[in-house]
Participant: 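Got a structure here, written out as structure tokens. Questions coming.
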Protein chains: 2
Amino acid sequence: MLSIGTLAKRTGTKVQTIRYYEQIGLMPEPGRTTGGQRRYGTVELDRLAFIRHSRELGFSLEAIRELLDLSDSPERSCAQVDAVAQKQLHEVEARIARLETLRVELQRMINECNADRVADCRILEVLRDHEECLSDHIRPGG
Amino acid sequence: MLSIGTLAKRTGTKVQTIRYYEQIGLMPEPGRTTGGQRRYGTVELDRLAFIRHSRELGFSLEAIRELLDLSDSPERSCAQVDAVAQKQLHEVEARIARLETLRVELQRMINECNADRVADCRILEVLRDHEECLSDHIRPGG
DNA sequence: CTTGAACCTACAGTCGCTGTAGATCCTATA
DNA sequence: TATAGGATCTACAGCGACTGTAGGTTCAAG
């Protein structure tokens, strides 16, 4: 039987995070000692490891919830699992593309600035005037 | 004199966001009509446009605050402006690198799965077992 | 003068945690 | 067996950068 602290250490999770996962129903309510402390077994350890590894790969908690549900029906087609992973891949690719655009724009902005004084700074100029931007379709949130 | 709604439309910002910027001191408290509605001039329009464009380039509100402060001293060296932009560039590059790692891992995971049933799904297998991961140093937050 | 769109304040919710306060529990050592 | 102190408990606030809601008021066109 593992205490919450041991479980945390084994999975590289913070104790509060585990309690948070329990709160939102991602981890089950574990057994308790007579004094009220949580005690976990290997099932919970594996589940938490799955959650953490999926998080490391960028899956949202909602997507992880779905994957956990799917993995509970081993006889079903894994097409749905594939779809969740594909969606995550597309999201990652989209974010990369967007950041690539930002990178180019930032680099250009920085390269162009050879000024000494703030008054002549190309960086501030570009930030002030959207029209000087090469890429028109930049949107926040990358 | 512009109403908050007009200002919002001109800059592609939501009305609530403008009020939020005012609340956190990024936008100044504007003049008001006798009825208490906000009215803006071109100074505020320019400032908001600067903020939005900087946001589009991924700058944090804190970084934008700094850039706005710097742009108020036109005679100063623009080295600090450069530093803020450089830092942002590095952050963007770091995020791209991390997402690239994720992309490769996701792609590999998906490619390896030729199973029909969830029970044999490589995707779930990889998610369950960190050891199957190529890249050891993946950390959340990308 | 009426209508209704736009505005106002104040506050809750988003995501995925993280940190805090103050109380209680568990376990190792004396 | 007593005690010390690290671990755990609950409950709640806070992060960043907004977004949405409720319930009321104001403005401008017709």
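Excluded from the calculations below are hydrogen atoms, water molecules and symmetry mates; all remaining heavy atoms, backbone and side chain alike, are included. All values derive from a computational prediction rather than experimental measurement. Numbered from 1 within each chain, the chains take letters A, B, ... in sequence-line order.
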Participant: Roughly, in whole Å, what's the span from CD1 in B:I4 to C1' in C:dA5?
Facilitator: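 Answer to the nearest Å: 15 Å.
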Participant: Between residues 5-18 of chain A and DNA chain D, which residues have a heavy-atom gap below 4.0 Å?
Facilitator: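 Nucleic-acid contacts, sorted: A:G5.
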Participant: Are any of A:Y21's side-chain N or O atoms less than 4.0 Å away from OP1 or OP2 of C:dC17?
Facilitator: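 A:Y21 to C:dC17 OP1/OP2: side-chain N or O found under 4.0 Å.
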Participant: With a 4.0 Å cut-off, would you call B:R95 and B:E91 a salt bridge?
Facilitator: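 Looking at B:R95 and B:E91, the cut-off is not met.
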Participant: Determine which pairs satisfy salt bridge (charged side-chain N to carboxylate O under 4.0 Å, His left out) with at least one residue from residues 63-72 of chain A, sequence neighbours left out, and list them in order.
Facilitator: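 Matches after skipping sequence neighbours: A:E62-A:R65.
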Participant: Distance check needed: D:dC9 C1' versus A:E29 CD, whole Å only.
Facilitator: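 Going from CD in A:E29 over to C1' in D:dC9 covers 14 Å.
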Participant: Can you list the residues that meet the side-chain contact (heavy atoms from CB on, under 4.5 Å) rule with B:D116, with sequence neighbours excluded?
Facilitator: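 Expected list: none.
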Participant: Which whole-number value in Å describes the distance from A:L26 CG to C:dG16 C1'?
Facilitator: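 A:L26 atom CG is separated from C:dG16 atom C1' by 11 Å.
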Participant: With a 4.0 Å cut-off on N to O distance, would you call A:R52 and A:E56 a salt bridge?
Facilitator: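 The answer is no: the pair does not qualify as a salt bridge.
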Participant: Taking only side-chain nitrogens and oxygens of A:R52, does any of them come within less than 4.0 Å of OP1 or OP2 of C:dG16?
Facilitator: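 No, no such contact exists.
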Participant: Examine C:dC25: is either OP1 or OP2 under 4.0 Å from a nitrogen or oxygen in the side chain of A:R32? Give yes or no.
Facilitator: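 For C:dC25, OP1/OP2 do not have a side-chain N/O of A:R32 under 4.0 Å.
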Participant: Heavy-atom contacts under 4.0 Å between residues 41-50 of chain B and DNA chain D, which residues?
Facilitator: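 DNA chain D contact set from residues 41-50 of chain B: none.
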Participant: Which atom pairs, one a donor and one an acceptor, fall under 3.5 Å between side chains of residues 36-46 of chain A and the rest of the protein, sequence neighbours left out?
Facilitator:
unit_1	atom_1	unit_2	atom_2	d
A:R38	NE	A:E22	OE1	2.8
A:E44	OE1	A:G41	N	3.0

Participant: Partners of B:A49 by side-chain contact (heavy atoms from CB on, under 4.5 Å), sequence neighbours excluded?
Facilitator: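 Partners of B:A49 by the side-chain contact (heavy atoms from CB on, under 4.5 Å) criterion come out as none, since no residue qualifies.
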Participant: Can you sort out the partners of A:R128 under salt bridge (Lys or Arg N to Asp or Glu O under 4.0 Å), two or more places apart, ordered by chain and number?
Facilitator: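 Checked A:R128 against salt bridge (Lys or Arg N to Asp or Glu O under 4.0 Å); zero matches.
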Participant: If you look only at pairs with a residue in residues 73-86 of chain B, which of them pass as a salt bridge (charged side-chain N to carboxylate O under 4.0 Å, His left out), with sequence neighbours excluded?
Facilitator: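 Salt bridge (charged side-chain N to carboxylate O under 4.0 Å, His left out) check on residues 73-86 of chain B returns A:R117-B:E75.
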Participant: In whole angstrom, give the distance that lies between atom CD1 of B:I51 and atom C1' of D:dG16.
Facilitator: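 Rounded to whole Å, this separation is 15 Å.
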Participant: Taking only side-chain nitrogens and oxygens of A:R19, does any of them come within less than 4.0 Å of OP1 or OP2 of D:dC12?
Facilitator: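 Result: no.
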Participant: Who passes side-chain hydrogen bond (donor to acceptor under 3.5 Å, both in side chains) against A:S71, sequence neighbours left out?
Facilitator: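 In terms of side-chain hydrogen bond (donor to acceptor under 3.5 Å, both in side chains), with neighbours along the sequence ignored, A:S71 is linked to no residue.
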Participant: What's the closest nucleotide to the A:Y20 side chain, out of C:dT9, D:dC9, C:dG16?
Facilitator: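 In terms of side-chain proximity for A:Y20, the closest of C:dT9, D:dC9, C:dG16 is C:dG16.
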Participant: Ignoring backbone atoms, establish whether B:R38 has a side-chain N or O less than 4.0 Å from OP1 or OP2 of C:dC7.
Facilitator: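 It does not, given that no N or O in the side chain of B:R38 lies less than 4.0 Å from OP1 or OP2 of C:dC7.
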Participant: From CD of A:E56 over to C1' of C:dG16, roughly how many Å is that when rounded to an integer?
Facilitator: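 One finds 15 Å between C1' of C:dG16 and CD of A:E56, rounded.
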Participant: Which pairs, protein N/O on one side and nucleotides 26-28 of chain C N/O on the other, fall under 3.5 Å?
Facilitator:
unit_1	atom_1	unit_2	atom_2	d
C:dC26	OP1	A:T33	OG1	2.8
C:dC26	OP1	A:G35	N	2.9

Participant: Please give me the minimum heavy-atom distance between B:I96 and A:R103, naming the atom from each residue.
Facilitator: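 Of all heavy-atom pairs spanning B:I96 and A:R103, the closest is CD1-CD, 3.8 Å.
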Participant: Report the distance from atom CD of A:Q23 to atom C1' of D:dA11, rounded to the nearest whole Å.
Facilitator: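 Rounded to whole Å, this separation is 10 Å.
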Participant: In whole angstrom, what separates B:M27's CE from D:dA17's P?
Facilitator: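 Those two atoms, CE and P, are 17 Å apart.
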Participant: Among residues at least two apart in sequence or on other chains, which ones pass side-chain contact (heavy atoms from CB on, under 4.5 Å) with B:K14?
Facilitator: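 By the side-chain contact (heavy atoms from CB on, under 4.5 Å) rule, B:K14 matches B:Q16, B:T17.
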Participant: Could you give the CD-to-C1' distance, from A:E22 to D:dC9, as a whole number of Å?
Facilitator: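 To the nearest whole Å, that distance equals 12 Å.
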Participant: Excluding sequence neighbours, so at least two apart, what forms side-chain contact (heavy atoms from CB on, under 4.5 Å) with A:Q107?
Facilitator: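 Checked A:Q107 against side-chain contact (heavy atoms from CB on, under 4.5 Å); matches are A:N111, B:L89, B:E93.
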